[in-house]
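We number each residue from 1, following the sequence as shown. Predicted model only: the values in this text are computed from it and were never measured.
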Amino acid sequence: MDNATPLAERLFEISKFYLPPENKSNPWKPAAVIFLLVALVAGALAFNYWNEVNRLREKLMRKKQRRPGGGLPKKEEETEEITPKLEEIKKL
């Protein structure tokens, strides 16, 4: 064969259906990258929120544990002074 160009052109036309497109890019790649970035940011925010909740819960538990007895007991003298005044009020 002296000129192989026509045969090469026929083979190229047949093989171009099996080759990936040259100029077209995959539209899912940018969407996948954006989705991954959003997922990472949401995960970081959720982890930060979880840490903050645990820290505040521990702080509240420490406050609850600091109050043994619920306060100071009343003095007996104060209760004795109040009862005569109540009796006087009841008489009037």
Carboxylate-amine/guanidinium contact R55 E52, below 4.0 Å =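 E52 and R55: salt-bridged.
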
query = Got a second to check how far L19's CG is from F12's CZ, nearest 0.5 Å?
reply =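 So the gap between those two atoms works out to 7.0 Å.
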
Euclidean distance, L40 CG relative to L45 CG, rounded to 0.5 Å =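 These two atoms lie 11.0 Å from each other.
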
